[in-house]
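Residue numbers begin at 1 in each chain, while the letters A, B, ... track the order of the sequences. We use all heavy atoms of the structure for the numbers below, so side chains are in, but hydrogens, waters and symmetry mates are not.
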2 protein chains.
Amino acid sequence: MASDTCIRLLADPIQINQCKSMLSENQESFNRISEALSLAGNEVRLKILYLLSVEKQLCPCDLSDILGMTIPAVSQHLRKLKDGRVIEGRRVGQTIFYSLRQDHLELLKPLFSHIQPTLSV
Amino acid sequence: MASDTCIRLLADPIQINQCKSMLSENQESFNRISEALSLAGNEVRLKILYLLSVEKQLCPCDLSDILGMTIPAVSQHLRKLKDGRVIEGRRVGQTIFYSLRQDHLELLKPLFSHIQPTLSV
DNA sequence: TTCTTATTTAAGCAATTGCTTAAATATTTA
DNA sequence: TAAATATTTAAGCAATTGCTTAAATAAGAA
């Protein structure tokens, strides 16, 4: 690592240190947000999240039909989203209805507005 | 796949088809946005993006110092961000200054507001 | 209880990710 | 020109991702 370090004089050591402390002060945020974004950063999961924001609730079976993929594939995405506290499931008989949680909704909602710019209702 | 399909009667076929066409109409958006989010969905890259939003421009060398990682590691993240048209580089002598591009800035800016809620300037 | 349906879980595997180290490419300075 | 600095690129590799298929759970219907 030492051999890769730049020896430049241009850098402002005060600026560098301010940046460093900013990072460590907000470590929690960076971790939490990057985790949420990595969940939404998969095309299938982004579709699921958007579908849930429009339809309020959907079961794995619906999502399998809509997305055109196998149930286990969908189920594994749902599990990740559930583990990340982005969605939650509610059991009604055999079927489990998934819906968005409040937790990260503030973070994700603005993203959805970029999806259907020509939405006419 | 057929054997995995649900046979349920609950589902509203009209709703399913509406969802399907919504997806195909916005395929482009889902692809573009999920790609941008997957870039920001890495903790190191999210930090780089936020640092650039604050400091306006930084070189790989600065970022290496700030992030505490090797130059090549930083450089490879910068390449991904550049390929994804999220940042751009401007060469000044030996050093290359990276900065945010306008392209996805509208998408990313709202995310940054969740990072330093207690920012006192 | 047995059968069917809805869902999850697990194992396997190819593809991707993100680092490491070493080498290559630019640019400036001596 | 040669030497030093800043950056990129490439190869290698462990870890992760996202699918597949098959099996395990869970709940309703016969």
Side-chain angles (χ1 to χ4, degrees), chain A residues 1-11 16 30-31 34-35 37-49 57-84 87-99, chain B residues 1-11 16 30-31 34-35 37-49 57-84 87-99:
Chain A
M1 165 90 190
S3 65
D4 288 325
T5 302
C6 300
I7 324 285
R8 78 217 179 289
L9 302 170
L10 293 79
I16 300 290
F30 284 111
N31 185 264
S34 66
E35 204 138 311
L37 294 182
S38 77
L39 287 172
N42 171 282
E43 191 171 316
V44 172
R45 285 194 296 266
L46 183 64
K47 286 176 178 172
I48 291 176
L49 292 175
Q57 61 170 30
L58 290 166
C59 64
C61 193
D62 290 333
L63 287 168
S64 163
D65 280 1
I66 296 169
L67 295 166
M69 43 194 302
T70 67
I71 300 254
V74 168
S75 180
Q76 280 157 24
H77 282 299
L78 291 173
R79 193 186 205 299
K80 288 195 174 188
L81 291 170
K82 197 176 60 174
D83 288 349
I87 65 172
E88 64 190 352
R90 185 176 54 94
R91 172 152 234 147
V92 178
Q94 283 171 290
T95 87
I96 298 176
F97 290 104
Y98 283 95
S99 56
Chain B
M1 166 91 190
S3 65
D4 288 323
T5 302
C6 300
I7 323 286
R8 77 217 179 289
L9 303 169
L10 294 79
I16 301 290
F30 285 111
N31 185 264
S34 66
E35 203 137 311
L37 294 181
S38 77
L39 287 172
N42 171 282
E43 190 172 317
V44 172
R45 285 193 297 267
L46 183 65
K47 286 176 179 172
I48 291 176
L49 293 175
Q57 61 171 30
L58 290 166
C59 63
C61 191
D62 291 333
L63 288 167
S64 162
D65 280 0
I66 297 168
L67 295 165
M69 44 193 304
T70 67
I71 299 254
V74 168
S75 180
Q76 280 157 26
H77 282 299
L78 291 172
R79 191 187 206 299
K80 288 196 174 187
L81 292 170
K82 196 176 62 175
D83 288 350
I87 65 172
E88 63 190 352
R90 184 176 56 92
R91 171 154 235 146
V92 178
Q94 283 171 290
T95 87
I96 299 177
F97 289 105
Y98 283 96
S99 56

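Heavy atoms of S75(A) sit under 4.0 angstrom from at least one base atom.
When side chains are defined from C-beta on, V44(A) does not count as touching V74(A), because their heavy atoms never get closer than 4.5 Å. Counting only heavy atoms from C-beta outward, the side chains of L63(A) and L78(A) approach each other to under 4.5 Å.
In this structure, C59(A) has no disulfide bond (SG atoms under 2.5 Å apart) partners at least two apart in sequence or on a different chain. Partners of F30(B) by ring pair (Phe, Tyr, Trp, His ring centres under 6.0 Å), not counting sequence neighbours, listed by chain and number: Y50(A). R90(A) is linked by a side chain to side chain contact (heavy atoms under 4.5 Å, CB included) to Q57(A), V92(A), F97(A), counting only residues two or more places apart in sequence or in another chain.
For D65(A) and dT7(C), the CG to P distance is 10 Å, given to the nearest whole Å. In this structure, L67(B) atom CG and dC19(C) atom C1' are separated by 14 Å, rounded to whole Å. Rounded to whole angstrom, the span from the CG atom of L63(A) across to the C1' atom of dT8(C) amounts to 15 Å. Per the geometry, CG belonging to L58(B) stands 11 Å off P belonging to dT7(D), to the nearest Å. Distance I48(A) CD1 to dT7(C) P: 13 Å, rounded to the nearest Å. Per the geometry, CD1 belonging to I71(A) stands 18 Å off P belonging to dA23(D), to the nearest Å. In this structure, K82(A) atom NZ and dT7(C) atom P are separated by 12 Å, rounded to whole Å. Distance, D62(B) CG to dA6(D) P: 10 Å, rounded to whole Å.
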Using a cut-off of 4.0 Å between protein heavy atoms and nucleotide atoms, how would you tag nucleotides 24-29 of chain D 5' to 3' with B, S and -? --SBS-
What's touching nucleotides 16-18 of chain D from the protein side, N or O pairs under 3.5 Å?
from	atom 1	to	atom 2	distance (Å)
dG18(D)	OP1	N42(A)	ND2	2.6
dG18(D)	OP2	R45(A)	NH1	2.9
dG18(D)	OP2	R45(A)	NH2	3.4
dG18(D)	OP2	K80(A)	NZ	3.0

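Under the salt bridge (Lys or Arg N to Asp or Glu O under 4.0 Å) criterion, the residue pairs touching residues 39-49 of chain B are E43(B)-K47(B), with sequence neighbours excluded.
In this structure, NZ on K82(B) lies 8.0 Å from CD1 on I87(B), to the nearest 0.5 angstrom. Between N42(B) atom CG and S34(A) atom OG the span is 7.0 Å, to the nearest 0.5 Å.
Of the listed nucleotides (dT7(D), dA6(C), dA22(D)), dT7(D) has the atom at the smallest distance from the side chain of C59(B). In the set dT8(D), dA6(D), dT21(D), the nucleotide with an atom closest to the side chain of L78(B) is dT8(D).
When the side-chain nitrogen and oxygen atoms of T70(A) are compared with OP1 and OP2 of dT20(D), one or more of them lie within a distance under 4.0 Å.
A donor-acceptor pair is defined here as one N or O able to donate and one able to accept, closer than 3.5 Å; such a pair exists between the side chain of S64(A) and the backbone of M69(A).
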